[in-house]
S.K.: 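Questions regarding the structure given below will be posed in turn.
Everything quoted here is computed from the prediction, not taken from an experiment.
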Amino acid sequence: MSVDGLFDTKDNSAEANINPKNPLKLGERKKLSCSIDRLTMKLLFALLISTAWTFTGAQYYYQGLMDYLENRLLAIEDRMQLWHEQSHRYHTEMKDFKKLTAEAMDGLKNHHSMLFKDLEGAAAQVDRVEQEMDYVETQMSPRACTNRADKVVEQEAWEMEESRGEEEEEEEWEELQSRVSDCVEIISGIRSVKIMKRVGSPKGMWTRDPRSSKVYIFNGTSGNTIYQFKSVLDFSRSLGVTGSRSIRLPSEWSGPGSAVYNGYLYYIKQEAEADMQVVKYDLLSGSVTETAMFPVEGRATVYNLNPETVADLAADDGGLWLLYAPSDSEPTISLAKMDAATLDIEQIWDTRCPRENAEAAFVVCGTVYVVYNTRLASRSRVQCVFDVNDMVLSEEAPLIYFPRRYGAHASLKYNPEEKQLYGWDDGYQIIYRLTMKRKLLA
């Protein structure tokens, strides 16, 4: 039966139901009912087949997903097992390394202790060797050359004078007694060395006023500020330059060649293309009281190893002195006696002490001691002595070797009241205590 016929049948059946005048036969009704049942069964069967097919596809999909996840979990478990094994191996290796490191550290500590003991022994041996070298140098080294003043006769003249009459000899001796300095002492050696501290740059200067306890710090080779401490003890206890009084000067000082004497600061001022000036500055009133021009050719420096020192002012029992080089071509150091009040030049000497390899100098009782070194810093030593009164003989010239410390001296300043040298050595402030003796001709 076709679908159209089926619908027709439904229509006829409906019409038969509506129209009571055309009732269907019983057989036809049964046939219609059977057709509807078969159609319904077909639809249900198709639906069941479609549902089963869908479930089967989904089952295959989910089964594949579960297999993938299971494989991934197995791979993660394998990696975790591998990581666990590697961690255990690394842990074991780390424990072994820690053990080896501890053993190595113990060995290094033992070696360090042995090395430290060896170094202590070597230091003791070096000190012993230096002492022996000092002794050998004292016994065998040539004495410092002693140059005489031009205004005093040579030693041979003394022998000639002995043959003269008594009156003539007394007159000549009275002439020689009109000395520039009345002090009759000469340095015989260095008694002790005291390293105070380290402040500032490798080059500089520090000194103490002979008439007071105040200490002055000049940091560097030029500037317009200095630092004043109440005493050496205050300076040693301070942290750097804290606790000091800063003094600002009206002009810059040039080189570590200044001097403090009787409450006044004397410093070198040198500007470009200008003559060198000596400036006298009153530390109490804070004013410049005197200035003096000092003609020097070019920018000659007094010490070959310290080219920053254009001139070096020094103070001793006799007053104020100036060490300088007249010109850059002049091979020796010149000395000038200055009036501390007016800065007038009283007298000038050629010390005949060479500038080559000179690092510093100082004046004690009218005697100039020039300190020499090498360009590769070694032991500083006094190698040339000049006495303005011609009272130092060659055989009594001192053999002074400074204990080797750090580098070379940038400055050495003598304090006549304490009989000490204030040295600046590679930024270290050092005090050298001196032993003195009387000059033979005094």
Side-chain angles (χ1 to χ4, degrees), residues 1-123 197-202 219-220 238-243 406 426-427:
M1 180 182 294
S2 65
V3 176
D4 292 338
L6 181 60
F7 282 119
D8 290 342
T9 304
K10 288 183 178 180
D11 292 339
N12 292 333
S13 174
E15 290 178 358
N17 291 332
I18 295 172
N19 190 1
K21 292 181 180 181
N22 293 319
L24 295 174
K25 293 182 179 181
L26 183 58
E28 293 177 354
R29 289 181 181 179
K30 290 181 178 180
K31 290 181 181 180
L32 180 60
S33 177
C34 290
S35 298
I36 293 173
D37 292 340
R38 284 196 299 272
L39 181 58
T40 302
M41 291 299 293
K42 289 181 180 181
L43 292 173
L44 289 174
F45 181 72
L47 182 60
L48 288 173
I49 293 174
S50 177
T51 302
W53 182 264
T54 302
F55 284 152
T56 301
Q59 182 178 3
Y60 287 145
Y61 174 76
Y62 286 117
Q63 183 64 37
L65 180 61
M66 292 301 294
D67 293 341
Y68 173 76
L69 293 176
E70 184 178 2
N71 292 332
R72 295 299 298 171
L73 288 174
L74 291 174
I76 292 174
E77 288 180 356
D78 293 339
R79 291 186 179 181
M80 289 181 66
Q81 181 66 26
L82 178 62
W83 176 81
H84 180 72
E85 293 176 356
Q86 291 178 348
S87 299
H88 180 70
R89 185 172 67 253
Y90 292 155
H91 181 69
T92 304
E93 292 177 355
M94 187 62 68
K95 289 176 65 177
D96 295 339
F97 177 73
K98 184 177 180 180
K99 183 178 179 181
L100 292 174
T101 303
E103 294 176 354
M105 289 299 295
D106 292 337
L108 287 175
K109 288 180 180 178
N110 295 332
H111 288 303
H112 179 268
S113 300
M114 295 174 61
L115 181 61
F116 186 73
K117 292 179 180 178
D118 293 340
L119 288 175
E120 287 182 340
K197 60 192 301 184
R198 187 176 191 180
V199 172
S201 60
N219 185 25
S238 67
L239 182 63
V241 293
T242 57
Y406 303 101
D426 196 27

S.K.: Count the heavy atoms belonging to other residues, nucleotides or ligands that lie under 6.0 Å from CG of Leu239, then report whether that count exceeds 12.
M.R.: no
S.K.: Could you tell me the separation between the CG atom of Leu39 and the CG atom of Leu44, rounded to the nearest 0.5 Å?
M.R.: 9.5 Å
S.K.: Pairs of donor and acceptor atoms involving the side chains of residues 49-66, under 3.5 Å and at least two apart or interchain, shall be tabulated with distances.
M.R.:
{"unit_1": "Thr51", "atom_1": "OG1", "unit_2": "Leu47", "atom_2": "O", "d": "2.8"}
{"unit_1": "Thr54", "atom_1": "OG1", "unit_2": "Ser50", "atom_2": "O", "d": "2.9"}
{"unit_1": "Thr56", "atom_1": "OG1", "unit_2": "Ala52", "atom_2": "O", "d": "2.7"}
{"unit_1": "Gln63", "atom_1": "NE2", "unit_2": "Asp67", "atom_2": "OD1", "d": "3.2"}

S.K.: Could you pull out all residues at least two apart from Thr92 that satisfy side chain to side chain contact (heavy atoms under 4.5 Å, CB included)?
M.R.: His88, Asp96
S.K.: Closer than 3.5 angstrom, by distance alone: can the side chain of Arg38 be matched with the main-chain N or O of Ser33 as a donor-acceptor pair?
M.R.: no
S.K.: Determine all donor-acceptor pairs shorter than 3.5 Å in which one atom belongs to a side chain in residues 98-112; sequence neighbours excluded.
M.R.:
{"unit_1": "Thr101", "atom_1": "OG1", "unit_2": "Phe97", "atom_2": "O", "d": "2.7"}
{"unit_1": "Asn110", "atom_1": "ND2", "unit_2": "Asp106", "atom_2": "O", "d": "3.1"}

S.K.: Mind checking what makes side chain to side chain contact (heavy atoms under 4.5 Å, CB included) contact with Arg72, not counting sequence neighbours?
M.R.: Tyr68
S.K.: With sequence neighbours left out, write down each residue that passes side chain to side chain contact (heavy atoms under 4.5 Å, CB included) with Glu85, or none if nothing qualifies.
M.R.: Gln81, Leu82
S.K.: Could you tell me which residues satisfy side chain to side chain contact (heavy atoms under 4.5 Å, CB included) with Arg79, sequence neighbours excluded, listed by chain and number?
M.R.: none
S.K.: Examine distances only and state if a side-chain atom of Asn219 and a backbone atom of Ser201 form a donor-acceptor pair shorter than 3.5 Å.
M.R.: yes
S.K.: Taking all atoms of both residues into account, what is the closest heavy-atom pair of Gly240 and Ser238, and its distance?
M.R.: O-OG, 3.1 Å
